[in-house]
Peer 1: 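Right, I'll just put the structure down here and ask away after.
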Amino acid sequence: MRLSRSFGKTLRQAPADAETASHKYLTRAGFVQQVAAGIYSYLPLGWRSLTKISNIIREEMNRTGAQEVSMPVVQPRELWEQSGRADTFQPPLATLTDRRGRKMIIAPTHEETTTLMVAANLESYRDLPFNLYQIQTKFRDEARPRAGLLRVREFEMKDAYSFDKDEEGLDVSFREMADAYRRIFSRVGIDVRMVEADSGPIGGKDSNEFVLLADSGEDTIFVCSDENCGYAANAEKAEFKKPAAEPEEPRELEEVHTPGIKTIEALAEFVGVPVSKTVKAVFYTPETPSETSAGGEIVFVSIRGDLEVNETKLRNSMGGAELRFATPEEVAAAGIVAGSASAIGLDDENGPRSRARITSIADDSLVDSPNLVAGANRTDYHLKNGNYGRDFSADVVADIAMARAGDACPNDCNGHLVEHRGVEVGHIFKLGTRYSESMGATFIDEDGSEKLAIMGCYGIGIGRLLAATVEANHDDKGMILPRAIAPYEVYLARLNTNDETVVTAADKFYDELVSAGVEVLFDDRDEPPGVKFNDADLIGLPLRVVVSARGLRNGEIELKRRDSDEITMAPLSEGVQAVKVALEG
RNA sequence: CGGGGAGUGGCGCAGCUUGGUAGCGCGCUUCGUUCGGGACGAAGAGGCCCCGGGUUCAAAUCCCGGCUCCCCGACCA
């Protein structure tokens with residue numbers, strides 16, 4: 001492609017709205033144009049990159065035997081009522097009404113339509129397993145799109161759905177997809193890690209995210225410092241070995257006067273114990289109060305003073321209930337003394353349980369920690385030597401603690417958790433039978449019984465992958481694109497446009513490269529050298545080739561890889577070969 | 001949804017406090033010069049000043065209402 005004919009222009013200055021590197025460079029290089037918040041057009045260069053990513057994904061999906069389909073973006077809302085997600089999907093479904101008054105939605109994902117398609121075509125266990133995928137537009141009306149293409153509302157996504165006759169089959173399909181994803185990201189040319197993730201209320205037992213490490217990423221992930229261990233998980237999921245408490249003989253419960261002491265730090269200092277010997281109490285309220293409670297329901301969470309609550313783990317320990325912090329009024333109404341509250345005495349005659357419905361949850365660290373300092377449930381008093389089992393208990397004991405950098409790895413290794421920021425570019429998880437049940441995807445098994453198909457689903461955000469790649473691969477001049485997803489492989493710059501021999505030689509060389517199958521962006525514009533070099537750096541194609549009067553005096557062209565400062569010369573007569581070698585670099 | 005910021009040629013900005021001809025840099029057009037890291041000269045084109053209402057002889061500027069975009073947080077199958 002001749003740059004003089006290529007649609008789209010580079011910008012010297014990025015729009016003021018762009019803050020992240022990928023947003024700035026993709027806009028300045030003329031890859032994308034913002035249309036509305038979180039909604040973008042792709043210009044030719046950007047679309048070529050996106051197409052390359054799509055094709056890599058397509059090849060690797062096909063290699064696993066997955067079959068490509070295409071499903072509608074606009075769907076009847078009834079379909080979502082059938083799956084039960086019409087009112088529960090977050091963010092809320094974008095809806096529209098057609099001319100007959102029928103309610104339609106704009107699809108944020110395609111479990112419903114896939115399962116519908118399968119329900120009509122699946123009859124026997126002999127039909128299984130299979131995997132259907134598509135590369136399709138999705139729309140999610142996010143509360144807050146941000147960071148250019150990293151978090152958008154409308155986006156291209158590869159979504160795949162596997163169907164198996166049993167859990168063992170699902171395990172195989174799941175592993176196949178994980179392997180395919182590793183190949184995809186490796187071919188794209190980026191370092192993506194698979195990490196354990198929370199599967200959420202509807203997920204099955206396994207869920208993994210594929211995360212590209214980048215400081216601008218929204219995700220926090222923890223990776224074990226021991227490379228042989230390999231443990232990696234996102235912050236919602238990450239487990240760790242909690243420092244064990246010194247074994248002690250349980251001592252007598254003892255009340256202490258603690259005037260004005262409200263925080264764990266102050267309490268620990270006042271009593272003269274480390275914070276890990278204290279109990280912290282935190283209060284939540286179910287977002288949708290259960291019918292039995294008539295409001296006023298409190299989730300009373302106890303956790304060791306040195307730990308923080310992980311709300312995802314907490315939610316899971318309660319079967320996926322939506323929780324929010326309780327307001328001070330709600331806490332007070334339950335008879336809980338904020339600042340001096342604890343699970344000790346919850347069930348006393350006039351204790352909180354007598355006034356409000358309370359679910360008590362304790363972090364498992366409390367069970368083995370003896371002689372803890374906790375609130376006395378009356379202002380300015382705390383209790384020493386509280387012991388789980390003897391002095392208090394909980395309805396649920398679970399790991400509900402937030403991992404932090406430096407915590408010990410949960411595996412049997414000597415590593416500790418190292419914190420990274422990252423961008424989630426892929427997510428795979430085991431769905432189970434939730435959709436096959438609601439949409440009726442069943443088959444007759446070998447023994448003649450009707451069974452539900454076991455599903456998995458697997459997504460890759462394509463535009464986000466491009467943006468994340470730029471986040472991880474750029475310098476202060478522009479993008480440094482991996483060859484596999486660069487819109488072209490070579491930026492051929494023709495300098496000295498006033499010199500007939502240069503023009504002729506460059507045109508001829510361009511034709512040679514194209515004939516040899518090299519993808520070339522030919523800067524044939526009548527612009528000064530500085531403009532061409534800067535645009536070459538900005539667009540970030542892997543190899544820059546210069547044809548100039550200076551080089552031609554020796555019959556040479558100049559080659560420079562975008563990821564290196566080294567400039568090499570090669571005879572023009574062997575230019576095509578030199579370009580191919582340099583690209584392999 | 002809470003907090004903060006911003007809307008003026010394609011991009012970046014000034015003008016608004018104190019109302020009176022809409023301005024600068026980049027980019028764009030034409031001609032000439034120049035030709036290895038965003039060149040120079042000359043001459044041009046291009047603006048419902050986010051929208052609606054109000055005040056005024058007169059509104060980019062003052063007042064009221066709304067919309068949009070960005071950032072932080074909440075949220076993110």
Side-chain angles (χ1 to χ4, degrees), chain A residues 8-20 23-24 27-28 30 33-39 80 83-86 88-93 107-112 138 140-148 150-153 155 157 159 161 197-204 207 209 216 218-219 234-236 287 311-312 315 320 322-325 423-424 427-431 434-435 455 457-459 461 464 477-478 493-499 502-503 523 525-538 544 546-553 557-558 560 565 567:
Chain A
K9 291 200 183 301
T10 56
L11 288 175
R12 195 169 292 205
Q13 282 175 292
D17 288 346
E19 287 212 345
T20 55
H23 192 190
K24 277 185 193 157
T27 306
R28 277 189 56 201
Q33 180 192 31
Q34 181 169 2
V35 174
I39 299 179
W80 288 68
S83 71
R85 290 209 288 182
T88 61
F89 195 89
Q90 293 294 327
L93 298 175
T109 175
H110 285 79
E111 279 82 8
E112 280 78 2
K138 306 266 187 278
R140 298 180 188 177
D141 198 2
E142 299 283 356
R144 193 183 155 211
R146 69 184 88 178
L150 282 177
R151 183 173 189 73
V152 294
R153 295 192 292 169
F155 53 100
M157 182 174 177
D159 49 322
Y161 306 88
D198 180 62
S199 50
I202 68 155
S207 170
E209 280 180 7
S216 50
E218 291 188 287
D219 280 17
N234 70 14
E236 289 79 47
E287 196 69 82
E311 293 187 12
T312 303
R315 192 158 49 233
E322 288 296 318
L323 300 172
R324 61 170 170 79
F325 273 120
V423 180
E424 176 192 348
H427 198 161
I428 61 179
F429 62 96
K430 297 182 178 174
L431 284 176
R434 179 186 161 154
Y435 298 98
M455 293 175 62
C457 77
Y458 316 91
R464 179 184 278 189
K477 298 222 160 223
R494 178 185 73 185
L495 305 191
N496 317 102
T497 51
N498 58 339
D499 185 328
V502 174
V503 172
D523 190 348
R525 298 173 300 173
D526 184 13
E527 292 287 350
V531 170
K532 300 192 174 192
F533 291 143
N534 280 296
D535 278 346
D537 288 341
L538 174 64
R544 186 186 82 193
V546 174
V547 178
S548 67
R550 200 162 83 184
L552 286 182
R553 277 200 285 277
I557 56 170
E558 170 190 309
K560 178 186 166 299
D565 289 329
I567 291 177

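Labels below follow one simple rule: chain letters A, B, ... track the order of the sequence lines, proteins then strands, and each chain is numbered from 1.
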Peer 1: Does any part of the side chain of A:E19, heavy atoms only, come nearer than 4.5 Å to the side chain of A:R146, both counted from C-beta?
Peer 2: no
Peer 1: Partner of B:A60 by Watson-Crick or G-U wobble geometry, both contacts under 3.5 Å, or none?
Peer 2: none
Peer 1: Any non-hydrogen side-chain atom of A:D535 less than 4.5 Å from a side-chain atom of A:R525?
Peer 2: yes
Peer 1: At under 4.0 Å, does any side-chain N or O of A:Q34 touch on OP1 or OP2 of B:C70?
Peer 2: yes
Peer 1: Between B:C76, B:G12, B:A77, which nucleotide gets closest to the side-chain atoms of A:E142?
Peer 2: B:C76
Peer 1: Mapping A:L495 and A:L11 onto RNA chain B by nearest heavy atom, which one lands closer to the 5' end?
Peer 2: A:L11
Peer 1: Would you indicate which nucleotide in B:C35, B:C70, B:G25 comes nearest to any side-chain atom of A:P529?
Peer 2: B:C35
Peer 1: What about A:R140: does its side chain form a donor-acceptor pair under 3.5 Å with the base of B:A77?
Peer 2: yes
Peer 1: So if I take every side-chain heavy atom of A:R151 and compare against B:C75, B:G38, B:C69, which nucleotide ends up nearest?
Peer 2: B:C75
Peer 1: Side-chain contact, heavy-atom cut-off 4.5 Å: A:P108 with A:W80?
Peer 2: yes
Peer 1: Taking the minimum atom-to-atom distance to the side chain of A:N534, which one of B:A77, B:G37, B:C75 wins?
Peer 2: B:G37
Peer 1: Nearest 0.5 Å please: distance from the CD atom of A:Q33 over to the OG1 atom of A:T27.
Peer 2: 9.5 Å
Peer 1: For B:C24, which nucleotide in any strand shown is its Watson-Crick or wobble partner with both distances under 3.5 Å?
Peer 2: B:G12
Peer 1: Quickly work out the A:R146 CZ to B:C75 C1' distance and round it to whole Å.
Peer 2: 8 Å
Peer 1: Ignoring backbone atoms, test whether A:R550 places a side-chain nitrogen or oxygen under 4.0 Å from the OP1 or OP2 oxygen of B:G36.
Peer 2: no
Peer 1: Does the side chain of A:N496 get closer than 4.0 angstrom to OP1 or OP2 of B:G36 through an N or O atom?
Peer 2: yes
Peer 1: Of all the nucleotides listed (B:G36, B:G38, B:C13), which has the minimum atom distance to the side chain of A:D535?
Peer 2: B:G38
Peer 1: Sort out the partner of B:C1 for me: Watson-Crick or G-U wobble, both distances under 3.5 Å, none otherwise.
Peer 2: B:G73
Peer 1: With rounding to whole Å, what would you report as the distance between B:C26 and B:U17 at their P atoms?
Peer 2: 29 Å
Peer 1: Which nucleotide sits closest to the side chain of A:R144: B:C72, B:A77, B:C35?
Peer 2: B:C72
Peer 1: A:R544 near the nucleic acid: base, sugar-phosphate alone, or nothing, with a heavy-atom cut-off under 4.0 Å?
Peer 2: base
Peer 1: Would you indicate what A:P15 reaches in the nucleic acid, counting non-hydrogen atoms under 4.0 angstrom: base, sugar-phosphate, or nothing?
Peer 2: sugar-phosphate
Peer 1: On a whole-Å scale, what distance lies between the P atoms belonging to B:G27 and B:G41?
Peer 2: 12 Å
Peer 1: Below 4.5 Å, heavy atoms only, C-beta onward: do A:E558 and A:L495 meet side chain to side chain?
Peer 2: no
Peer 1: For nucleotides B:A22 and B:C49, find the distance between their P atoms and express it as a whole number of Å.
Peer 2: 11 Å
Peer 1: Categorize A:E19 for me: base, sugar-phosphate, or nothing, with a 4.0 angstrom heavy-atom threshold over every strand shown.
Peer 2: sugar-phosphate
Peer 1: How many angstroms lie between atom OH of A:Y161 and atom OH of A:Y458, to the nearest 0.5 angstrom?
Peer 2: 11.5 Å
Peer 1: Could you give the CD-to-P distance, from A:Q90 to B:A74, as a whole number of Å?
Peer 2: 16 Å
Peer 1: Whole-Å distance between B:A77 C1' and A:K430 NZ?
Peer 2: 18 Å
Peer 1: Measure from the side chain of A:A16, starting at C-beta and using heavy atoms only, and say which of B:C69, B:G12, B:G37 lies closest.
Peer 2: B:G12
Peer 1: For a quick check, tell me whether the side chain of A:Q33 and the base of B:G10 share a donor-acceptor pair closer than 3.5 Å.
Peer 2: no
Peer 1: Could you state the atom-to-atom distance from CD of A:Q13 to C1' of B:C24 in whole Å?
Peer 2: 12 Å
Peer 1: Could you walk me through whether A:R85 and A:R434 satisfy the side-chain contact (heavy atoms from CB on, under 4.5 Å) test, starting with their C-alpha distance in whole Å, then the side-chain angles of each, then the deciding distance to 0.1 Å, before giving a yes or no?
Peer 2: CA-CA 11 Å; A:R85 290 209 288 182; A:R434 179 186 161 154; 3.4 Å; yes
Peer 1: Between B:C62 and B:U8, how far apart are the two P atoms, rounded to whole Å?
Peer 2: 16 Å
Peer 1: What nucleotide among B:G36, B:A74, B:C70 has an atom nearest to a side-chain atom of A:S548?
Peer 2: B:G36
Peer 1: Just checking A:A14: base, sugar-phosphate only, or nothing, at a heavy-atom cut-off of under 4.0 Å?
Peer 2: sugar-phosphate
Peer 1: In whole Å, what is the span from the CE atom of A:M455 to the C1' atom of B:A77?
Peer 2: 12 Å
Peer 1: Could you please name the option among B:C69, B:G36, B:C72 that lies closest to any side-chain atom of A:E558?
Peer 2: B:G36
Peer 1: With both distances under 3.5 Å as the test, what is the Watson-Crick or G-U wobble partner of B:A42?
Peer 2: B:U30
Peer 1: Output the rounded distance in Å from CG (A:D17) to C1' (B:C13).
Peer 2: 14 Å
Peer 1: Hey, which of these two, A:F89 or A:G551, hits RNA chain B nearer its 5' end, going by closest nucleotide?
Peer 2: A:G551
Peer 1: Assign A:T497 to base, sugar-phosphate, or nothing according to its heavy-atom contacts below 4.0 angstrom with the strands shown.
Peer 2: base
Peer 1: Can you tell me, in whole Å, how much space there is between the C1' of B:C71 and that of B:U18?
Peer 2: 32 Å
Peer 1: Where the side chain of A:N498 is concerned, which of B:A77, B:G36, B:C35 is the nearest nucleotide?
Peer 2: B:C35
Peer 1: For nucleotides B:G23 and B:C35, find the distance between their C1' atoms and express it as a whole number of Å.
Peer 2: 33 Å
Peer 1: Out of curiosity, A:K24 NZ to A:Q13 CD, how far, rounded to the nearest 0.5 Å?
Peer 2: 11.5 Å
Peer 1: Could you tell me how far B:G12 sits from B:G3 if I compare only their P atoms? Round to whole Å.
Peer 2: 28 Å
Peer 1: Base, sugar-phosphate or nothing for A:K477? Non-hydrogen atoms, less than 4.0 Å.
Peer 2: base
Peer 1: Looking only at atom C1', what distance separates B:A60 and B:A14, rounded to whole Å?
Peer 2: 12 Å
Peer 1: Just name whichever nucleotide pairs with B:U68, Watson-Crick or G-U, keeping both distances under 3.5 Å, else none.
Peer 2: B:A6
Peer 1: What nucleic acid atoms does A:A143 come within less than 4.0 Å of, heavy atoms only: base, sugar-phosphate, or nothing?
Peer 2: base
Peer 1: What do the steps show when you test A:R140 against A:Q90 for side-chain contact (heavy atoms from CB on, under 4.5 Å), and what is the final call?
Peer 2: CA-CA 8 Å; A:R140 298 180 188 177; A:Q90 293 294 327; over 6 Å; no
